[in-house]
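Quick note: residue numbers are just sequence positions, from 1.
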Amino acid sequence: MGFLILILTFDFDFPKGADTPLNAHIPTIERITMTSDKHSVSLDDARRILAAGEAKARAIGQPMNLAVVDAGGNLVAHIRMDGAWIGSIDISINKAFTARAFNLSTKSLAEDAQPGGQFYGIHASNGGRIMIFAGGIPLQCDEQIVGAIGVSGGSGEQDQAVAEAAVAAF
């Protein structure tokens, strides 16, 4: 995977005593290409993952919101099944973000986020985006985290079951 970084350079000539540039040069673009050995979930991967999760949600009769984020925790794709709660849109996206941000399932994080646990209070971090209930699972490829799935709309057990079915398709 390669990254392209564009750097814009501005060069302004200011006459003595002038407050504003009178002779601004056209910006130049410098092209820097970076390569990386890191991988991230693709849109095609996300579509396959979401389709498997949707099939499981239909099989258990529970409309869901499902979201896939990439290796950087950014949304790649989201679906809201007919009848799924509107309030669960954000939750599904944030479950996926949480699973990627901490490289563990939200179900596991929840166990340590209870009062007295080592992560108690973590839900208040990251601008409140951290979800501490089941339904978020990291996506791995060649022992590397490449994204995550987040599911919301049913009970914690239903969300987890749908997330697990989605991961199995990856």
message: Using the rule given for side chain to side chain contact (heavy atoms under 4.5 Å, CB included), can you reason through L139 versus R100, listing the C-alpha separation, both sets of side-chain angles and the distance that settles it, and then say yes or no?
response: CA-CA 8 Å; L139 298 168; R100 175 55 189 110; over 6 Å; no
- request: List the steps and the verdict of side chain to side chain contact (heavy atoms under 4.5 Å, CB included) for S92 and M64.
  value: CA-CA 9 Å; S92 66; M64 301 271 189; over 6 Å; no
message: Evaluate E164 against I137 for side chain to side chain contact (heavy atoms under 4.5 Å, CB included), listing each step before the verdict.
response: CA-CA 8 Å; E164 289 171 0; I137 302 174; 3.7 Å; yes
message: Assess the residue pair Q62 and V162 against the criterion (side chain to side chain contact (heavy atoms under 4.5 Å, CB included)); give the C-alpha distance rounded to whole Å, side-chain angles, the decisive distance to 0.1 Å, and a yes or no.
response: CA-CA 10 Å; Q62 183 61 50; V162 169; over 6 Å; no
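Note that CD of E111 is 9.5 Å distant from CG of L104, once rounded to the nearest 0.5 Å. Atoms CD and CG, from E157 and D159 in turn, are 10.0 Å apart once rounded to the nearest 0.5 Å. Expressed to the nearest 0.5 Å, how far CD of Q114 lies from OH of Y120 amounts to 9.0 Å. One finds the CG atom of L50 at 10.5 Å from the CG atom of D45 (value rounded to the nearest 0.5 Å).
At distances below 3.5 Å, at least one donor-acceptor pair connects side-chain atoms of R48 with backbone N or O atoms of A169. Under a 3.5 Å cut-off, the side chain of S40 and the backbone N or O of A71 do form a donor-acceptor pair. A distance-only check finds no donor-acceptor pair linking the side chain of D142 to the backbone of Q144 [under 3.5 Å]. A donor-acceptor contact shorter than 3.5 Å links the side chain of T98 to the backbone of M131. Side chain of T106 to backbone of A99: no donor-acceptor contact under 3.5 angstrom is found. Side chain of D70 to backbone of V41: no donor-acceptor contact under 3.5 angstrom is found. Put simply, the side chain of N65 gets close to the backbone of W85: a donor and an acceptor are under 3.5 Å apart. Between the side chain of K95 and the main chain of A134, a donor-acceptor pair closer than 3.5 Å is present. Not one N or O on the side chain of Q140 forms a donor-acceptor pair closer than 3.5 Å with the backbone of I145.
Residues A84 and P63 come closest through the heavy atom pair N-CB, 3.5 Å. Heavy atoms only, all atoms of each residue included: P138 and N103 are closest at CG-C, 3.7 Å. A96 and A67 make their closest contact through CB-O, 3.8 Å (heavy atoms, listed as atom of the first residue, atom of the second, distance).
When hydrophobic clusters are built by joining Ile, Leu, Val, Met, Phe, Trp and Tyr residues whose side-chain heavy atoms come closer than 4.5 Å, directly or via intermediates, L43 is grouped together with V167. Residues F102 and F119 fall within the same hydrophobic cluster, defined by Ile, Leu, Val, Met, Phe, Trp and Tyr side chains chained together at heavy-atom separations under 4.5 Å. In the hydrophobic clustering of ILVMFWY residues, with side-chain heavy atoms under 4.5 Å counting as a link, V69 and L66 come out apart. No single ILVMFWY cluster, assembled from side-chain heavy atoms under 4.5 Å apart, contains both M81 and I93. Under the 4.5 Å side-chain heavy-atom criterion for Ile, Leu, Val, Met, Phe, Trp and Tyr, L75 and F170 are members of distinct hydrophobic clusters.
By the 4.5 Å heavy-atom criterion applied to side chains, I130 and F97 are counted as neighbours.
E54 has a carboxylate O that lies under 4.0 Å from a charged side-chain N of R58, or vice versa, which qualifies the two as a salt bridge.
By the side-chain hydrogen bond (donor to acceptor under 3.5 Å, both in side chains) test, S125 is found to be paired with no residue, residues two or more places apart in sequence or in another chain being considered.
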